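Below is one structure, written out as structure tokens; comments come after it.
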Protein chains: 2
Amino acid sequence: MKKIDILKKLRSSNLRPTKQRVEIAKFLFEREKTFHFTVESLNKLLTKKSTSKIALATIYNTVHAFKAAGHLSEVEVRGNKSYFDTNVSNHHHFYDSETAELIDINANDIVIQKIPKAPNGKKIKNVEVFINLKN
Amino acid sequence: MKKIDILKKLRSSNLRPTKQRVEIAKFLFEREKTFHFTVESLNKLLTKKSTSKIALATIYNTVHAFKAAGHLSEVEVRGNKSYFDTNVSNHHHFYDSETAELIDINANDIVIQKIPKAPNGKKIKNVEVFINLKN
DNA sequence: TTTCACTTTAGAATAATTATAAACTAGTTT
DNA sequence: AAACTAGTTTATAATTATTCTAAAGTGAAA
Ligand SMILES: [Mn+2]
Ligand SMILES: [Mn+2]
Ligand SMILES: [Zn+2]
Ligand SMILES: [Zn+2]
């Protein structure tokens with residue numbers, strides 16, 4: 001991903017490209033593989049990586065703006081903390097409770113043969129599969 | 001479910017059958033259908049139903065003891081609160097984000113045809129499917 | 001260079017949960 | 001029965017994750 005894409009992500013999230021936001025966006029989006037994180041883990045990694053420390057509120061605000069713009073998704077998984085995901089396409093997860101880590105599963109690596117119909121007046125928005133792991 | 005079963009549930013959870021615990025256990029387990037709840041919702045319902053109010057800490061402690069003993073399961077779902085489930089068998093859920101409600105899906109109403117193998121050194125503990133609903 | 005909307009930040013507030021410690025309860029021993 | 005004791009309940013404090021607030025900072029445009 002090029003720098004121009006970072007700026008696009010920021011603009012499309014209605015965020016001006018400030019120093020802090022560019023740093024967060026580059027950290028999140030300039031990578032090959034999916035990145036799963038909590039705000040806490042992201043904060044630690046950013047602190048380690050860069051000299052200047054970004055306020056936690058700025059990280060929350062920026063992450064939420066990216067989520068609202070569809071550049072991040074939120075994964076519901078065991079625990080109290082919110083997990084975010086740079087993979088915003090429809091996909092599934094392994095969840096390793098030992099390490100509290102998520103691993104992507106490509107949407108077409110899981111095929112569901114039979115599925116119940118939605119309750120009266122409701123429609124199916126999406127289907128999420130979690131494969132919980134043990135050692 | 002008879003009263004004797006309530007006492008069994010308590011004993012097998014290493015809980016003496018005190019007035020408060022029996023009241024919680026009866027409320028949770030003396031019912032036909034699955035009951036999904038948060039500690040907050042359970043507390044409200046218990047307060048409404050009975051004259052004596054049970055301390056929140058007692059509800060937390062009792063619910064956690066039931067969970068540890070396998071009489072309740074915890075469902076991971078969107079939001080900050082923990083959801084508990086009187087259905088401890090392997091099953092799936094509809095999740096209605098409008099109402100923040102869970103609805104059971106019988107395990108054999110979902111058939112998965114293709115599933116990826118677990119990462120190196122890990123095994124599959126279980127598979128949970130969430131069907132998110134919209135109006 | 002002044003303006004002004006937007007931004008960052010530290011710290012306060014809130015919400016869910018867990019911990020603490022004092023008062024209470026009910027079996028068991030004397 | 002009275003004393004003892006292990007376990008229990010409870011109010012309240014502490015903790016954790018998140019959101020809010022308001023003051024100070026920033027920078028493009030007038
Ligand atoms: Mn959350
Ligand atoms: Mn939880
Ligand atoms: Zn993912
Ligand atoms: Zn259920």
Side-chain angles (χ1 to χ4, degrees), chain A residues 6-7 9-28 36-47 50-69 72-85 100 102, chain B residues 6-7 9-28 36-47 50-69 72-85 100 102:
Chain A
I6 291 297
L7 296 184
K9 285 216 193 298
L10 286 166
R11 274 192 231 103
S12 58
S13 308
N14 294 308
L15 297 178
R16 288 186 188 173
T18 64
K19 184 164 67 71
Q20 292 88 338
R21 287 165 175 174
V22 169
E23 192 167 343
I24 294 169
K26 289 175 83 171
F27 189 82
L28 291 178
H36 298 108
F37 64 96
T38 64
V39 169
E40 189 197 20
S41 71
L42 176 58
N43 184 38
K44 273 186 191 150
L45 291 168
L46 283 170
T47 304
S50 114
T51 47
S52 56
K53 45 201 153 293
I54 302 174
L56 206 53
T58 300
I59 299 177
Y60 271 104
N61 290 339
T62 306
V63 164
H64 285 156
F66 284 143
K67 186 193 165 189
L72 288 175
S73 60
E74 192 172 354
V75 184
E76 298 311 316
V77 86
R78 215 156 281 276
N80 326 291
K81 289 178 208 163
S82 285
Y83 278 73
F84 295 91
D85 192 339
L102 288 167
Chain B
I6 292 298
L7 297 185
K9 285 216 194 299
L10 286 166
R11 274 192 230 104
S12 60
S13 308
N14 294 309
L15 296 177
R16 288 187 187 174
T18 63
K19 185 164 68 73
Q20 291 88 339
R21 287 165 175 174
V22 169
E23 193 167 342
I24 294 169
K26 288 174 84 171
F27 190 82
L28 291 178
H36 298 108
F37 63 95
T38 65
V39 169
E40 190 196 20
S41 71
L42 176 57
N43 183 38
K44 273 186 191 150
L45 291 168
L46 281 171
T47 303
S50 115
T51 46
S52 56
K53 47 200 152 297
I54 302 174
L56 205 54
T58 300
I59 298 177
Y60 272 104
N61 291 339
T62 306
V63 164
H64 284 156
F66 284 143
K67 186 193 165 189
L72 288 175
S73 61
E74 193 172 351
V75 183
E76 299 310 318
V77 85
R78 216 156 280 276
N80 325 293
K81 289 178 209 164
S82 285
Y83 278 73
F84 295 91
D85 191 340
L102 289 166

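Only this structure's heavy atoms are used, side chains among them; waters, hydrogens and symmetry mates stay out. Order of the sequence lines fixes the chain letters, A, B, ..., with proteins taken first and strands second; residue numbering starts at 1 for each chain. Just so you know, these numbers come straight off a predicted model, no measurement behind them.
Neither OP1 nor OP2 of D:dG27 sits under 4.0 Å from any side-chain N or O of A:Arg16. At the phosphate of D:dA17, neither OP1 nor OP2 sits under 4.0 Å from any side-chain N or O atom of A:Thr38. Checking the phosphate oxygens (OP1, OP2) of D:dT19, a side-chain nitrogen or oxygen of A:His64 falls inside 4.0 Å. Taking only side-chain nitrogens and oxygens, B:Thr18 comes nearer than 4.0 Å to OP1 or OP2 of D:dT9. Contact annotation: B:Gln20 does not reach the phosphate of C:dT25 (side-chain N/O to OP1 or OP2, under 4.0 Å).
Between the C1' atom of C:dT9 and the CD1 atom of A:Ile24 lies a distance of 13 Å, rounded to the nearest Å. Taking atom CD of residue A:Glu74 and atom P of nucleotide D:dT19, one finds them 8 Å apart after rounding to whole Å.
Scanning for side chain to side chain contact (heavy atoms under 4.5 Å, CB included) contacts around B:Ser73 gives B:Asp85, B:Val88, with sequence neighbours left out. In this view, A:Asn61 satisfies the side chain to side chain donor-acceptor pair (under 3.5 Å) rule with no residue, not counting sequence neighbours. A:Thr18 pairs by the side chain to side chain donor-acceptor pair (under 3.5 Å) definition with nothing, not counting sequence neighbours. Residues satisfying the side chain to side chain donor-acceptor pair (under 3.5 Å) criterion with B:Glu23, sequence neighbours excluded, are B:Ser50. Annotation: ring pair (Phe, Tyr, Trp, His ring centres under 6.0 Å) contacts of B:Phe37 (sequence neighbours excluded): B:Phe35, B:Phe84. Under the side chain to side chain donor-acceptor pair (under 3.5 Å) criterion, B:Thr47 pairs with no residue, sequence neighbours left out. Residues forming a side chain to side chain contact (heavy atoms under 4.5 Å, CB included) with B:Ala69 (at least two apart in sequence, or on another chain): B:Ser13, B:His71.
Within residues 52-63 of chain A, the residues approached by DNA chain D to less than 4.0 Å at the level of any non-hydrogen atom are A:Ala57, A:Tyr60, in residue-number order.
Inspection of the A:Thr58 and A:Gln20 side chains reveals no N or O donor paired with an N or O acceptor under 3.5 Å.
Checking C:dT17, D:dT9, C:dT7 against the side-chain heavy atoms of B:Lys81 singles out C:dT17 as nearest.
Using five terminal pairs a side, the axes of the helix from C:dT1-D:dA30 to C:dT30-D:dA1 at its two ends make an angle of 10°, given in steps of 10 degrees.
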